[in-house]
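Shown next, in structure tokens, is the structure this report addresses.
Predicted model only: the values in this text are computed from it and were never measured. The first residue in the sequence is number 1, and the count goes up from there.
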Amino acid sequence: MSRTGTTTDRLTCAPSRAARELDLKRGEFDLAVNLGLIRTVPDEGGGGRRVARAEIDRLRSGEGFPDTLRRRVATVGTTEGARLMEVAPTRFTSLARYGLLVPVTFYLNRYRTVVWLYLAEELRQFAAERSNAPLLNARRTPVEIREGLKAGMDRRPRNWRGRHVGFLTRDAGDDPWARAAAVACLLDPADVADVVPDRYERALLADRRPRLPAHGAPGSATAELAEKLMTASDPDEVSWFRADLSHTMEEARRRHLVAEGLPRHLRPDPARPPRTRPPPRPRPRPPSRLRWRSGPHPPSPPLPTAC
């Protein structure tokens, strides 16, 4: 076993070490993995994802390393993003709330205010598009955007969820249960129970549930706010996630049996017969009292006679 572990450590490395060798911060490394810029492999010991040494060598030998890789995962907030697009911060916020600028991640500051972050490369591409010039250079925001903002429209959480479920399903690979768990983790548990009524299937989804970004201590107000942001809330969005979960569950049921993918502690033991309750014993009847009857006894049945 030690020889196998040594071989695995020589061919792959943990994410923390891979981030150091690629001159990336851990947040930049995780974002690069989500974007598909860094390919990972599953850990044979079940400890999460690892990075192959060949993948690290490929990235380090690329042109402009590490500046090129850092530039592709660079994120900016509202103020820096507005400066990058040469617009006012209010115009930038309006475009983001309307859904034209999609955030890639977020965090909550000490005041429990949501700070959305965007890919700097995507903002540059948006500003370079000629069709977007009226949105950036017009004196007033377009009417449809103003009306949507007056109604309280804010598509940033929804756009982040739609983008993040793409990250999770890509990471799930060809495992149909992991793909279904990636969709289920962004739904309310009541919706998941409604779509997947079988508790054994829900146990399998919980076992394959991917890790969502952690914000604050478990049970804190910050963690509760982050969990609310990471759960689908709009009716049409919930309907879309429910339909996607139902479709992925049908595919998973066709490809695999539920019992083959259940966690070890939930699998039935083939060596142990199923427990069955013994049949209930009949209750003994109380002895009937003998009663003498007056008069002749009833006639005995006739005996068989030979032919």
request  = Apply salt bridge (charged side-chain N to carboxylate O under 4.0 Å, His left out) to R26 and D30, showing your working.
outcome  = CA-CA 6 Å; R26 184 55 192 268; D30 294 339; 3.1 Å; yes
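- Under a cut-off of 6.0 angstrom, the local environment of CZ in R72 is sparse, with at most 12 non-hydrogen atoms contributed by other residues, nucleotides or ligands.
- Under the 4.5 Å side-chain heavy-atom criterion for grouping Ile, Leu, Val, Met, Phe, Trp and Tyr, I145 is not connected to V102 through any hydrophobic cluster.
- Atom OH of Y107 is surrounded by 12 or fewer heavy atoms from other residues, nucleotides or ligands within 6.0 Å.
- Salt bridge annotation for R155-D234: absent, with no cationic side-chain nitrogen under 4.0 angstrom from a carboxylate oxygen.
- Between atom OG of residue S246 and atom CG of residue D194 there is a gap of 10.5 Å, rounded to the nearest 0.5 Å.
- For A184 against V192, the heavy-atom pair with the smallest separation is O-CG2, 3.7 Å.
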task = Tell me, with the steps shown, if V115 and L108 meet side chain to side chain contact (heavy atoms under 4.5 Å, CB included).
result = CA-CA 6 Å; V115 180; L108 282 82; over 6 Å; no
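- In this structure a side-chain-to-backbone donor-acceptor pair under 3.5 Å is present from R170 to N34.
- Counting non-hydrogen atoms of other residues, nucleotides and ligands closer than 6.0 Å to CD of E144 gives a total above 12.
- Ring geometry, H164 versus F167: the interplanar angle exceeds 60°, so the pair is classed perpendicular (tilted spans 30 to 60°).
- Side chain of N109 to backbone of R112: a donor-acceptor contact under 3.5 angstrom is found.
- Separating the CG atom in L24 from the CG atom in L31 is a distance of 10.0 Å, to the nearest 0.5 Å.
- Judged purely by atom type and a 3.5 angstrom limit, R209 has no side-chain atom pairing as donor or acceptor with the backbone of A178.
- When hydrophobic clusters are built by joining Ile, Leu, Val, Met, Phe, Trp and Tyr residues whose side-chain heavy atoms come closer than 4.5 Å, directly or via intermediates, V165 is grouped together with L187.
- If you take CG on D174 and CZ on R255, they are separated by 6.0 Å, rounding to the nearest 0.5 Å.
- Under the 4.5 Å side-chain contact rule for hydrophobic residues, W240 and L168 share a cluster.
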Verdict with reasoning, R158 to D236, per salt bridge (charged side-chain N to carboxylate O under 4.0 Å, His left out) = CA-CA 11 Å; R158 176 173 180 169; D236 55 341; 3.1 Å; yes
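- Under a 4.0 Å N-O distance rule, the pair E55/R58 qualifies as a salt bridge.
- Between the CG atom of L35 and the CD atom of E28 there is a distance of 11.5 Å, given to the nearest 0.5 Å.
- A single hydrophobic cluster is seen to contain both L22 and V73, as judged by linkage of ILVMFWY side chains at heavy-atom distances under 4.5 Å, directly or through other members.
- Taking the charged nitrogens against the carboxylate oxygens, R53 and E21 do have a contact shorter than 4.0 Å, which makes a salt bridge.
- One hydrophobic cluster, built from ILVMFWY side chains closer than 4.5 Å, holds both W160 and V183.
- A salt bridge links E122 to R163: at least one charged side-chain nitrogen sits closer than 4.0 Å to a carboxylate oxygen.
- For F92 and Y118, the gap between ring centers is short of 6.0 Å.
- A salt bridge between E121 and R71 is absent, with no side-chain N of the basic residue lying under 4.0 Å from a carboxylate O of the acidic one.
- Ionic pairing of R179 and E251 is not present here: no N-O contact between side-chain nitrogen and carboxylate oxygen is shorter than 4.0 angstrom.
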